[in-house]
Protein chains: 2
Amino acid sequence: MEETKKVKVLVVDDHPLMRVGIAAIINATPDMTAVAQTGSGEEAVKLFDQYRPDITLMDLRLPGMSGVNAIRTIRSRHAQARFVVLTTYEGDEDIHQALAAGAQGYMIKGMPHEALIDALRRVHAGGRFLPQPIKLALASRTPDADLSSRERQVLALLVGGKSNNEIAAELGITEATVKCHVSVILRRLNVSDRTQAVVVALQRGLLHL
Amino acid sequence: MEETKKVKVLVVDDHPLMRVGIAAIINATPDMTAVAQTGSGEEAVKLFDQYRPDITLMDLRLPGMSGVNAIRTIRSRHAQARFVVLTTYEGDEDIHQALAAGAQGYMIKGMPHEALIDALRRVHAGGRFLPQPIKLALASRTPDADLSSRERQVLALLVGGKSNNEIAAELGITEATVKCHVSVILRRLNVSDRTQAVVVALQRGLLHL
DNA sequence: TCCAGCATCAGACTTTCGTCTGATTCGCAG
DNA sequence: CTGCGAATCAGACGAAAGTCTGATGCTGGA
């Protein structure tokens with residue numbers, strides 16, 4: 001068995017136990033090896049520079065720098081870098097962001113681990129890998145889902161449970177303007193009041209608690 | 001090394017990769033062995049009967065029967081059964097429920113895996129194990145947090161984004177009564193409107209999306 | 001037995017929410 | 001250059017939401 005031919009994988013996940021499991025699966029595959037692992041996005045960037053893995057297996061929910069930002073940062077320096085995102089399914093927004101950032105594969109924690117190896121193989125071969133449910137979630141995305149930055153700002157405050165008045169104070173604008181933004185947000189998210197807006201924002205992963 | 005002296009652990013988690021990691025850590029510990037594993041609460045009950053493990057490592061978020069219900073079911077038949085809950089921290093309610101159901105230990109995914117072994121040892125020795133942040137979360141719990149079953153029902157509909165009117169229709173009561181329930185819920189959760197109620201309910205794990 | 005708590009309802013009142021109409025400014029793409 | 005969309009504000013309106021007072025029936029524990 002020639003070591004140099006093994007596919008080098010960098011594992012990024014904030015759960016140590018999960019990293020152990022992933023590494024075990026990868027290292028049990030004869031032509032793959034987990035060369036390094038970490039629980040932080042910042043360290044992932046450093047480790048990538050150091051080990052130049054063929055594929056990076058990346059969780060999105062990380063303390064500090066998010067997985068998406070880590071992908072963006074690494075890709076800005078290494079355009080050929082390939083990523084498989086590994087996460088518990090948390091709404092279509094995460095998926096969309098990750099793919100936009102340059103991920104080639106998406107794997108859901110909780111799928112049988114053969115699927116993980118399959119995904120790694122396909123992505124390493126230059127292809128893509130998206131599970132069926134992920135494809136469906138992306139297909140059902142309406143383009144209206146993209147809010148302006150100001151609207152996302154207001155939505156964040158809505159999720160914080162703020163009233164129109166408080167939001168106005170916090171943003172230094174009038175309540176009338178806030179109402180206007182809220183109305184637009186409701187239309188874009190296709191809901192009829194702020195409570196529903198909060199629920200779908202959390203469901204779709206537009207914001208995190 | 002005498003096999004019969006090993007501490008037998010049953011692993012219950014719906015993420016296969018996580019199970020692999022947990023089992024690897026346990027089996028790497030000389031005096032412990034992961035005798036069985038599953039991703040479902042129902043199967044956990046069967047496997048317990050079959051293997052009689054010394055400790056069951058239980059995730060709370062499972063498809064089908066919840067981890068808490070699995071603990072309750074197993075305990076009703078085997079009062080001496082010991083449990084360590086292993087979960088991503090999702091609010092004080094889960095913890096409270098799990099301990100009330102009879103768990104002796106609580107471990108957060110994302111802690112170093114030495115801590116897991118430590119927890120298993122202590123619980124197997126007849127003790128308890130609660131990480132510091134968990135203790136704090138439990139300490140800051142107000143007794144007001146317990147809602148009546150009717151109130152929980154209303155809260156669930158609030159989280160569903162329903163209006164008072166829709167809730168009234170769904171429960172077959174008057175809107176006046178719904179308003180009354182909502183008022184009580186707001187006071188109990190210590191918030192001032194339904195949107196905030198939804199947010200804290202999700203934060204504290206009173207309800208799941 | 002009696003009180004406390006839960007669930008139910010009603011009316012009235014204030015505040016907030018959400019919509020609508022209409023208007024101004026700014027930057028950017030065609 | 002022109003127009004479109006974002007962001008800003010205003011006023012006014014109806015519809016919800018939330019509070020308060022007060023009242024009834026039921027259950028279960030002290």
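The chains referred to below are lettered A, B, ... by the order of the sequence lines, with proteins before strands, and numbering in each begins at 1.
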Looking at C:dT8, I'd like to know if its phosphate oxygens (OP1 or OP2) sit under 4.0 Å from a side-chain N or O belonging to B:His181. yes
What is the distance from atom OG of B:Ser148 to atom CD1 of B:Ile185, rounded to the nearest 0.5 Å? 7.5 Å
Looking at B:Arg152 and B:Leu147, would you say the former's side chain and the latter's main chain have a donor-acceptor pair under 3.5 Å? yes
CD of A:Glu151 versus C1' of D:dG5: gap in Å, rounded? 11 Å
Can you name the atoms? Protein N/O to nucleotides 23-25 of chain C N/O, anything below 3.5 Å, with the distance.
none

Can you tell me the distance, in whole Å, between the CG atom of A:Leu189 and the C1' atom of C:dG18? 15 Å
Which heavy atom of B:Ala98 sits nearest to which heavy atom of B:Val85, and what is that distance? CB-CG2, 3.8 Å
Drop me the distance from A:Asn69's CG to A:Ile71's CD1, to the nearest 0.5 angstrom. 9.5 Å
Is any side-chain N or O of B:Ser148 closer than 4.0 Å to OP1 or OP2 of C:dG5? no
note: A:Leu157, atom CG; C:dC17, atom C1'; distance rounded to Å ~ 16 Å
Five pairs at each end of the helix from C:dT1-D:dA30 to C:dG30-D:dC1: take the axis at both ends and give me the angle between them to 10°. 40°
Quickly work out the B:Leu171 CG to C:dC9 P distance and round it to whole Å. 10 Å
Of all residues at least two apart in sequence or in a different chain, which pass the side chain to side chain donor-acceptor pair (under 3.5 Å) check with A:Thr38? A:Glu43
Which nucleotide, C:dA10, D:dC9, D:dA6, lies nearest any side-chain atom of A:Arg188? D:dA6
So salt bridge (Lys or Arg N to Asp or Glu O under 4.0 Å) across residues 153-182 of chain B, not counting sequence neighbours, yields B:Lys162-B:Glu170
Between A:Asp94 and A:Arg61, is there a salt bridge with N-O shorter than 4.0 Å? no
Counting any heavy atom closer than 4.0 Å, what does A:Thr177 reach on the DNA or RNA strands: base, sugar-phosphate only, or nothing? base
Can you see which heavy atom on A:Leu47 is nearest to which on A:Gln37, and at what distance? CD1-O, 3.9 Å
Under a 3.5 Å distance rule, please check whether A:Glu42 uses its side chain to pair with a backbone N or O of A:Met65 as donor and acceptor. yes
Under the side chain to side chain donor-acceptor pair (under 3.5 Å) rule, collect the residues that match up with B:Thr177, sequence neighbours excluded. none
Round to the nearest Å and state the distance from A:Ile185 atom CD1 to D:dA7 atom P. 10 Å
Could you tell me how far apart A:Gln153 (CD) and D:dA6 (C1') are, to the nearest whole angstrom? 13 Å
Just say parallel, tilted or perpendicular for the rings of B:Phe83 and B:Phe48, cut-offs at 30° and 60°. parallel
Where along nucleotides 12-30 of chain D does protein come under 4.0 Å, by heavy atom, of base (B) or sugar-phosphate alone (S), with - for untouched nucleotides? -----BBB-----------
